[in-house]
Amino acid sequence: MITFEKLCMLQWKIIINIRESVSSAFAQHSSIDANCIPFISRTSREDEEAEEKKAARAAPQAAGNNPYAGITIVKQEENNNIGVDGYHYSYEQSDGHRKEETAVIVNQGTEDEALEVTGSFQYQTPDGKTYRVDYKADKDGFHPTITLV
């Protein structure tokens, strides 16, 4: 059985692969601004600034100052997200942003034990275009497919 610590480490490795691979994939599409997705291509200083902004957003604000004030979650699903034997979750926001992700443990109990993740997210850029990114993350890296919806 995979330990919680090992699952966290596997998830962290996938996040790093996602960050590097999506950044690279977006760079191939000149019409896509990689900065539209918050986890792509940040330096440690940018990470610090993002954390400061996140803390500022968490503080009470007047609705007029918060561009996200009217966005609500219209659909949400979670299954087995207790850190054992993989997980699944999905959500959809009122602004059209969607995300779905499923992870399973492959080769459980062996040296080759790994977390294999499949999922997608969809978002709208400031210019009104909607993009969908379908991906698979496994021991061989992050494999995204970007589609203009």
Side-chain angles (χ1 to χ4, degrees), residues 1-29 31-59 66-126 129-149:
M1 179 163 155
I2 192 166
T3 65
F4 179 73
E5 290 80 16
K6 186 164 184 177
L7 181 62
C8 289
M9 182 56 89
L10 292 170
Q11 288 175 329
W12 179 248
K13 287 179 183 177
I14 288 171
I15 289 169
I16 297 300
N17 283 335
I18 288 171
R19 187 177 198 173
E20 292 170 358
S21 298
V22 171
S23 182
S24 173
F26 273 87
Q28 296 173 10
H29 296 274
S31 65
I32 299 173
D33 179 7
N35 293 318
C36 291
I37 299 178
F39 63 82
I40 296 176
S41 301
R42 286 202 287 223
T43 65
S44 60
R45 177 63 194 141
E46 289 171 323
D47 285 339
E48 290 172 16
E49 290 171 358
E51 287 301 316
E52 290 168 6
K53 288 178 184 177
K54 183 178 175 183
R57 284 194 305 263
N66 185 349
Y68 306 108
I71 299 172
T72 59
I73 294 182
V74 296
K75 183 179 175 186
Q76 182 175 357
E77 177 187 5
E78 295 181 29
N79 293 319
N80 192 23
N81 291 337
I82 60 172
V84 181
D85 297 329
Y87 61 88
H88 172 80
Y89 71 91
S90 65
Y91 65 85
E92 182 177 342
Q93 296 177 177
S94 59
D95 66 348
H97 180 99
R98 298 178 182 154
K99 180 159 186 182
E100 179 173 3
E101 186 170 286
T102 301
V104 295
I105 299 171
V106 294
N107 301 320
Q108 193 166 359
T110 70
E111 270 189 38
D112 295 327
E113 183 174 87
L115 194 61
E116 193 169 276
V117 179
T118 57
S120 65
F121 59 91
Q122 179 175 307
Y123 69 97
Q124 191 171 37
T125 59
K129 294 178 182 176
T130 301
Y131 290 93
R132 177 181 170 102
V133 178
D134 294 287
Y135 60 88
K136 179 177 183 178
D138 58 19
K139 65 181 177 74
D140 297 319
F142 181 72
H143 316 284
T145 302
I146 303 169
T147 307
L148 177 61
V149 179

**Study point:** Glu113/Val106 under side-chain contact (heavy atoms from CB on, under 4.5 Å): CA gap, chis, key distance, verdict
**Key:** CA-CA 6 Å; Glu113 183 174 87; Val106 294; over 6 Å; no

Review point. At what distance, to the nearest 0.5 angstrom, does CD of Glu100 lie from OG of Ser120?
Key: 5.5 Å

**Study point:** From CD (Gln124) to CD (Gln93), nearest 0.5 Å
**Key:** 12.0 Å

Point to revise | Centroid-centroid distance, Tyr91 to His97, less than 6.0 Å | key: yes

Practice item. To the nearest 0.5 Å, tell me how far Glu92 CD sits from Gln122 CD. Key: 8.5 Å

**Study point:** Pair Tyr89-Lys99, side-chain donor/acceptor within less than 3.5 Å
**Key:** yes

Review point. How close do Phe142 and Ala137 get, heavy atom to heavy atom, and via which atoms?
Key: CD1-CB, 4.0 Å

Review point. Are the side chains of Lys75 and Glu77 in touch, meaning some heavy atoms are under 4.5 Å apart?
Key: no

Point to revise | Residues which pass side-chain hydrogen bond (donor to acceptor under 3.5 Å, both in side chains) with Asp134, listed by chain and number, not counting sequence neighbours | key: Arg132

Check your understanding: Are the side chain of His88 and the backbone N or O of Glu101 linked by a donor-acceptor pair below 3.5 Å?
Key -> yes

Revision key, fill the gap. Of all heavy-atom pairs linking Asp138 and Lys136, the shortest is OD2-CE, 3.7 Å

Review point. Donor-acceptor pair, Thr147 side chain versus Val149 backbone, under 3.5 Å?
Key: no

Review point. Can you name the closest pair of heavy atoms from Tyr123 and Thr125 and give their distance?
Key: CE1-CG2, 3.6 Å

Review point. Can you tell me if Ser94 uses its side chain to pair, donor with acceptor, with the backbone of Thr72 under 3.5 Å?
Key: yes

Review point. Going from CD on Glu116 to OG1 on Thr118, what distance comes out if it is rounded to the nearest 0.5 angstrom?
Key: 7.5 Å

Practice item. Please round to the nearest 0.5 Å and tell me the distance separating atom OG1 of Thr110 and atom CD1 of Ile105. Key: 11.0 Å

Check your understanding: Who are the salt bridge (charged side-chain N to carboxylate O under 4.0 Å, His left out) partners of Asp95, not counting sequence neighbours?
Key -> none

Review point. Atom CD1 of Ile146 and atom OH of Tyr135: how far apart are they, to the nearest 0.5 Å?
Key: 13.0 Å

